[in-house]
Amino acid sequence: MWNELRELYRYRELLWTLVLRELRVRYKNSYLGFFWSLIVPLVTVAVLTIVFKRVMGMVIPNYSAYVLAAFLPWMYFQTALLDSSQSVLAQIQLVKKVYFPREVLPLAAVLANLIHFVLALLVFFVYLLGYVGAPLLPSVVLLPVLVFFQTLLIAGLSLIISCLNVFYEDTKYIVSIGLQLMFYLVPVIYFSEQVYHAQLASPEWQRWIYLVYHLNPIAMLMTAYRKILLPPITVQQIGAVQKQTFASLPMDWGLLAVACGVSVLIFVLGYAFFNKRKWDFAEQP
Amino acid sequence: MKDTAILLEHVSKSYRLSHQPYSSLKGILLSMFRYRRRIEVHQALNDVSLTIRHGETVGLIGVNGSGKSTLLAIIARVIRPNAGRIEVNGRVAPLLQLGVGFHPDLTGLENVYFNGIILGLTRQQIAERLPSIVRFAELEEFIDTPVRAYSSGMVLRLGFAVAVHTDPEIILMDEVLAVGDEAFQHKCLRKIQEFQHEGRTILLVSHDMNQVRQVATRTVWLHQGRVMADGAPEEVVTQYLAFTEEMERRAI
Ligand SMILES: Nc1ncnc2c1ncn2[C@@H]1O[C@H](COP(=O)(O)OP(=O)(O)O)[C@@H](O)[C@H]1O
Ligand SMILES: [Mg+2]
């Protein structure tokens with residue numbers, strides 16, 4: 001693996017050129033350019049805010065900020081995986097002719113999306129400080145740590161997905177369906193506190209459900225983004241029958257450490273898997 | 001630098017051919033229910049040994065499917081042989097087929113940078129060679145136009161221009177010259193001759209026997225993954241042509 005990483009480092013200029021090319025191609029024929037990638041989360045969050053406040057009766061100050069704090073990392077996760085699933089296959093003609101470390105293709109797709117994510121986070125901070133007027137928490141310094149581990153997680157999955165998609169083209173459909181289902185298993189449109197207080201659970205099970213839910217590293221990372229970026233809040237839902245209150249839970253650092261560990265593991269395993277198959281790509285008829 | 005540019009010792013390569021391709025979920029499911037998976041192995045190269053010295057121009061000839069492209073792919077380190085040893089001394093540049101590596105939405109200039117870097121140049125080097133690349137491709141007026149608007153001849157010229165400016169020690173050409181027009185082919189042949197004078201090594205796959213006679217200093221004839229003949233172009237081409245005539249006569 002170290003040899004592979006060293007070779008990858010030797011080809012860093014190619015990686016960077018691919019990232020720039022990806023960004024350039026995406027916005028070549030549009031006037032609004034980068035703003036398109038902001039419009040999607042903003043519109044989504046606006047719709048979600050209306051639905052949850054007006055229809056579901058959630059009483060949360062600055063609800064939209066809490067949704068965005070989780071939705072932006074989710075967008076990064078989703079678009080990076082979808083983009084990279086096709087990344088090797090789209091360049092298969094080049095792969096069949098020219099030697100270069102094959103991993104630059106999925107990694108470039110991930111890095112291009114990372115750049116989007118960072119830009120979107122900057123816009124988020126402008127919104128937070130300028131519009132919402134929320135104070136910046138000291139825990140914001142942990143943001144790069146979360147972004148780093150999330151990127152490792154995404155890179156590991158991308159390596160596996162892009163490799164499998166060369167041999168089995170069903171992969172990209174499975175990934176797309178999997179992501180749609182996964183969306184409901186991560187705290188974007190609800191809060192992790194609501195998982196803790198899930199209605200079906202008896203009190204002794206609450207802790208376990210919360211734990212198992214957060215063993216999914218992306219779910220834990222998204223809970224963590226919310227908790228480090230925004231102050232704790234008490235969620236109230238005014239239902240037809242009763243009013244429910246979900247008290248804020250503190251950050252579970254142990255679970256976050258597990259999520260980071262799992263992300264590293266997925267990256268290492270994903271890279272090993274990719275390396276094992278990458279010299280078979282050129283033999284695909 | 002070593003005297004040997006490319007050394008192949010007992011190189012064999014076989015491809016797995018599955019009749020039910022596994023490239024879909026259906027394929028995998030079907031194969032699970034089958035009594036035994038039928039995977040055939042096709043031997044594309046069979047115990048090939050070759051020593052190519054720096055400065056040689058080797059014409060590689062043979063009927064379709066004889067293993068020429070596989071041999072070049074192994075030298076380019078794109079696929080790995082199943083058996084045998086290879087040694088390549090020097091930087092290899094494959095000449096890409098028409099349009100490979102080009103993105104239609106990007107301009108000629110942007111594509112030059114991408115192609116140059118993938119072939120091993122740095123940004124700096126490309127910037128220095130840019131005027132010469134554009135002049136060689138004769139695309140001065142179109143270099144800032146998206147490649148989508150290029151004719152195939154223009155794409156070919158640009159690809160060739162980048163590749164010849166990567167300063168390679170070993171150049172691989174797999175039937176790439178057949179597409180261009182007369183004038184461009186002449187220009188390419190001149191460039192090849194220039195390379196020969198500079199002592200670079202060239203491997204040229206071609207079905208144009210006149211071209212092979214004209215530029216190659218040595219010719220290798222592959223058939224069914226084996227080296228049938230290796231020597232002076234005139235002799236090997238004559239043998240090969242006699243063989244193909246014989247084959248045609250038998251087919252009738
Ligand atoms: N990716 C592949 N998968 C399976 N078989 C292949 C593949 N590439 C080439 N072959 C087979 O290997 C043999 C040699 O192919 P190739 O090297 O492309 O020959 P040539 O370039 O001389 O026409 C052919 O019979 C071809 O069908
Ligand atoms: Mg061929």
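All heavy atoms count here, side chains included; hydrogens, waters and symmetry mates do not. Quick note on labels: first sequence line is chain A, next is B, and so on, each numbered from 1. Please read these numbers as outputs of a predicted model, since none were measured by experiment.
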Subject >> Which atoms of B:N115 approach chain A - backbone, side chain, both or neither, heavy atom under 4.5 Å >> reply: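 Interface part for B:N115: neither.
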
Subject >> Side chain, backbone, both or neither of B:S69 within contact of chain A (heavy atoms, under 4.5 Å) >> reply: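 Answer is neither: B:S69 stays 4.5 Å or more from chain A.
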
Original post:
Where does the angle between the aromatic ring planes of A:F281 and A:F274 fall among parallel (under 30°), tilted (30 to 60°) and perpendicular (over 60°)?
Top reply: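 Judged by the thresholds at 30° and 60°, the geometry between A:F281 and A:F274 is perpendicular.
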
Original post:
Going by the angle between their ring planes, with limits at 30° and 60°, are A:W279 and A:Y99 parallel, tilted or perpendicular?
Top reply: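 Because their plane-to-plane angle is under 30°, the rings of A:W279 and A:Y99 count as parallel.
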
Original post:
So, A:Y225 versus A:Q150: side-chain donor-acceptor pair below 3.5 Å or not?
Top reply: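 Yes, side-chain donor-acceptor contact under 3.5 Å.
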
**OP:** Decide if atom OH of A:Y173 counts as having more than 12 heavy atoms of other residues, nucleotides or ligands within a radius under 6.0 Å.
**Re:**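 Result for OH/A:Y173: open.
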
**OP:** Under 4.5 Å heavy-atom distance to chain B, tell me which part of A:V95 shows up: side chain, backbone, both or neither.
**Re:**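 When you check distances to chain B, only backbone atoms of A:V95 fall under 4.5 Å.
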
Original post:
Counting heavy-atom pairs under 4.5 Å to chain A, which of B:L106, B:T70, B:L172 comes out on top?
Top reply: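 If we count pairs closer than 4.5 Å to chain A, B:L106 comes out on top.
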
